[in-house]
Amino acid sequence: MKFIVRLHAEITIKSKGVRKRYGKVLVNNLKSILRRNDVNAKVIWCWDRIEVVVADDAQQDANQVSDILQRVPGISWFSRSHELPLPEGDPTDFTPIMEEVLACWQAIIPGQSFAVRVKRKGEHPFRSLDLERYLGGAILKHCADSKVNLKKPDVEVRVEIDHDVVRVFGHKEQGLGGFPLPTQENVLSLLSGGFDSSVASFQLLRRGARVHFCFFNLGGAQHETGVRQTAYYLWQQYASSHPLKFISIDFAPVVEEILTKVDNGLMGVVLKRQMLRAAEIVANNLHTAAIVTGEALGQVSSQTLSNLSVIDEATDKLVLRPLITMDKQEIINIAQQIGTADFARSMPEYCGVISNKPTVKAQCDALAEAESQLDSELIKQVVRQSRVEDVSQIGEATEQRVQKVDAVQSVNGATHEIIDIRSQDEVDNKPFNAPKDDIMVRHIPFFKLATAFADLDNSKTYLLYCEKGVMSNLQALYLQEQGHQNVAVYQPPSK
């Protein structure tokens, strides 16, 4: 089984040397990710396309390849390709091509409009239009209630004749577009775990920049747990071909100093300036070219043009704001599409409590006077005390932290209940079935678990379930730290 992968259009219009370099980087990224996921597949660079070849009998691997290709930056679209040779004796005998087309599309097209698109490379004794008409007639004959619509069809049936090879393409699936990692320079993203910062980080990953994450902890262990989950998710889904760093800075001392020494109206702007000063130190240590934030124009008081201007004066680094013109709902929609929305819903807006009557146009002289009261060494101190770890190791680090959390395989219906803590989309896509008829399974998304758990019957032990086990371990650890001892992790027996 073969997948044909097309590069993003912005790559194909670059010079020959740049296009080749980007293509080779994308090939290496695919090899790395497939190997990491234990998928046995060959990745072949063919200039105008990339071919990913999976053994014909490895249907599970093929499904996994399809899932991976949707999440790798640099891919415009891809589809499964069914190849056959052009008939040697009579190239105008279209019967084998028709049979392959019907095998791929006959179950899908009935009741829909369609168009047949044929492209040819090389010399052939027939026109593309001849084959299009032949295949269109066969589809009309074998697919009930179908009709031809060349302008806006429900389904496009694509066939490519490459000299003496015929490729019949399956359903066209969209990729992320953008550029492969790391064809752009490295950046440092200020990740709070909310909608904005996770989407901003994704946008830079999609454009081919290796994104390291800097987290300013304002909300204690629970806040950090959630943000680490977000960073790990973004890496695992969209950037696992390359290592990324996660830097956690305890910013509570800085916030405390601002609360006690800075005028109420200036607190939000001063906090953002202090964050940029700390981020600049981290960015220089990591040799990154820019700092990324999730700010959008006018969303809150610190994000007016006047305030953004004075905030940027705190650093010599380039500050990138990919969401600057987006509405909040647009940002939430993207977070939903990329899978970070549920993480964001579990994050309180810790920064929102800093200032009750914030200024929308902070003055430079007032800021200078306010910041003269602050300890200039405190920023350097909290950065020195920061914790740096590879994002890829967050899963392993979690396992080390949760050694005291029991992993249960054998479930007793009288004393146990299983809680599926995955998001609703994950549950819908891959439902979890109880291991026994007498076992109750309830669904409580992880972002609601902390508040809902206290209302459960404390005479039972609740076994948390998620597909990978990372989130269930983190949530079990957090609940135990809150004093709930009747919690463990459900580990399905290996098949």
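In this chain, residues are counted from 1 in sequence order. Please read all numbers here as calculations on a predicted model, not as lab measurements. All values below come from the heavy atoms of this structure, side chains included, with hydrogens, waters and symmetry mates left out.
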Open item on the list: Pair F3, L69 - check side-chain contact (heavy atoms from CB on, under 4.5 Å), show working.
Closed with: CA-CA 9 Å; F3 290 83; L69 293 176; 4.0 Å; yes
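- Annotation: K460, atom NZ; neighbour count of heavy atoms from other residues, nucleotides and ligands within 6.0 Å is above 12.
- Interatomic distance, L191 CG to T340 OG1, rounded to the nearest 0.5 Å: 9.5 Å.
- Ion pair R321/E295 flagged as a salt bridge, since at least one NZ, NE, NH1 or NH2 atom sits closer than 4.0 Å to an Asp/Glu carboxylate oxygen.
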N/O donor-acceptor pairs under 3.5 Å from side chains in residues 204-216, not counting sequence neighbours:
residue : atom : partner : partner atom : Å
R206    : NE   : L176    : O            : 2.7
R206    : NH2  : L176    : O            : 3.3
R207    : NH1  : E10     : OE2          : 3.4
R207    : NH2  : E10     : OE1          : 3.2
H212    : ND1  : K245    : N            : 2.9

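- Shown here for W235 and H242, the closest heavy-atom pair between the two residues is NE1-O, 3.0 Å.
- In this structure, N486 CG and N458 CG are separated by 6.5 Å, a value rounded to the nearest 0.5 Å.
- The shortest side-chain heavy-atom distance between I444 and I421 does not fall under the 4.5 Å cut-off.
- The pair E160-R6 meets the salt-bridge criterion, with a side-chain N (NZ, NE, NH1 or NH2) lying under 4.0 Å from an Asp/Glu carboxylate O.
- Proximity of a side-chain donor or acceptor of D250 to a complementary backbone N or O of A252 within less than 3.5 Å is detected.
- Across all non-hydrogen atoms, the minimal contact from L181 to V25 is O-CG1, 3.1 Å.
- Between the side chains of S113 and D154, at least one donor-acceptor pair of N or O atoms lies under 3.5 Å.
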TODO: With side-chain contact (heavy atoms from CB on, under 4.5 Å) as the test, would you mind laying out the steps for I50 and I44 before giving the verdict?
DONE: CA-CA 6 Å; I50 293 172; I44 305 167; over 6 Å; no
- [ ] Could you walk me through whether S302 and K272 pass side-chain hydrogen bond (donor to acceptor under 3.5 Å, both in side chains), step by step?
- [x] CA-CA 8 Å; S302 64; K272 292 293 183 67; 3.1 Å; yes
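- Listed for the R158 side chain is a donor-acceptor partner under 3.5 Å among the backbone atoms of G170.
- Judged purely by atom type and a 3.5 angstrom limit, S79 has no side-chain atom pairing as donor or acceptor with the backbone of F169.
- Scanning both residues, L7 and G23, for their nearest heavy atoms gives CD2-CA, 4.1 Å.
- Within a 6.0 Å radius of CD in E330, more than 12 heavy atoms belonging to other residues, nucleotides or ligands are found.
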- [ ] Could you check D342 against R422 for salt bridge (charged side-chain N to carboxylate O under 4.0 Å, His left out), going step by step and ending with a plain yes or no?
- [x] CA-CA 9 Å; D342 287 336; R422 297 174 298 164; over 6 Å; no
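- The heavy-atom pair separating L26 from P180 by the smallest distance is CB-CG, 3.9 Å.
- Using a distance-only test at 3.5 Å, with no hydrogens or angles considered, no donor-acceptor pair links the side chain of D61 to the main chain of A55.
- Judged by distance alone, with hydrogens and angles left aside, the side-chain atoms of T183 form no donor-acceptor pair with the main-chain N or O of F179 at under 3.5 Å.
- A salt bridge between E389 and R228 is present, with a side-chain N of the basic residue lying under 4.0 Å from a carboxylate O of the acidic one.
- Between V157 and I109 the shortest side-chain heavy-atom distance falls below 4.5 Å.
- A donor-acceptor pair under 3.5 Å is absent between the side-chain atoms of Y490 and the main chain of I419, judged by distance alone.
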- [ ] Please lay out, stage by stage, how Q236 and R71 fare under the test side-chain contact (heavy atoms from CB on, under 4.5 Å).
- [x] CA-CA 10 Å; Q236 188 180 52; R71 298 183 278 104; over 6 Å; no
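- Side chains of Q337 and N333: no donor on one and acceptor on the other come within 3.5 Å.
- For the atom pair CG (L84) and NE2 (H82), the distance works out to 10.5 Å, reported to the nearest 0.5 Å.
- With rounding to the nearest 0.5 angstrom, the CD atom of E173 is 11.0 Å from the CH2 atom of W77.
- For the residue pair S146 and Q112, no side-chain donor N or O sits within less than 3.5 Å of a side-chain acceptor on the partner.
- Contact check on K172 versus E156 returns no salt bridge, with no Lys/Arg side-chain nitrogen under 4.0 Å from an Asp/Glu carboxylate oxygen.
- I338 approaches S198 most closely through the heavy-atom pair CD1-O, 4.3 Å.
- In the model, R277 has a side-chain atom that pairs as donor or acceptor with a side-chain atom of Q274 under 3.5 Å.
- When the shell of 6.0 Å around CD of Q106 is examined, it contains more than 12 heavy atoms from other residues, nucleotides or ligands.
- Between the side chain of S201 and the backbone N or O of S189 there is no donor-acceptor pair closer than 3.5 Å.
- W105 and P110 get closest at one heavy-atom pair: O-CD, 4.5 Å.
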- [ ] Run the numbers on L188 and L286 for side-chain contact (heavy atoms from CB on, under 4.5 Å), then give the verdict.
- [x] CA-CA 8 Å; L188 180 72; L286 295 176; 4.1 Å; yes
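- Between the side chains of S392 and D390, no donor-acceptor pair is found at a separation under 3.5 Å.
- At least one side-chain heavy atom of K317 sits less than 4.5 Å from a side-chain heavy atom of N284.
- In this structure, S66 contributes its side chain and A62 its backbone to no donor-acceptor pair below 3.5 Å.
- Put simply, CD1 on I331 and CZ on F195 are 10.0 Å apart, with the number rounded to the nearest 0.5 Å.
- To the nearest 0.5 angstrom, H443 atom NE2 is 12.0 Å from F432 atom CZ.
- No side-chain heavy atom of I291 sits under 4.5 Å from any side-chain heavy atom of V187.
- A 6.0 Å sphere centred on CG of D457 holds more than 12 heavy atoms belonging to other residues, nucleotides or ligands.
- The shortest side-chain heavy-atom distance between I11 and H8 falls under the 4.5 Å cut-off.
- Between the S32 side chain and the N29 main chain, no donor and acceptor come within less than 3.5 Å of each other.
- For S197 and S192, the side-chain atoms include at least one donor-acceptor pair closer than 3.5 Å.
- In terms of modelled atom types and a separation under 3.5 Å, the side chain of H416 and the main chain of N412 share a donor-acceptor contact.
- Residues L34 and V65 meet the side-chain proximity criterion, which asks for heavy atoms closer than 4.5 Å.
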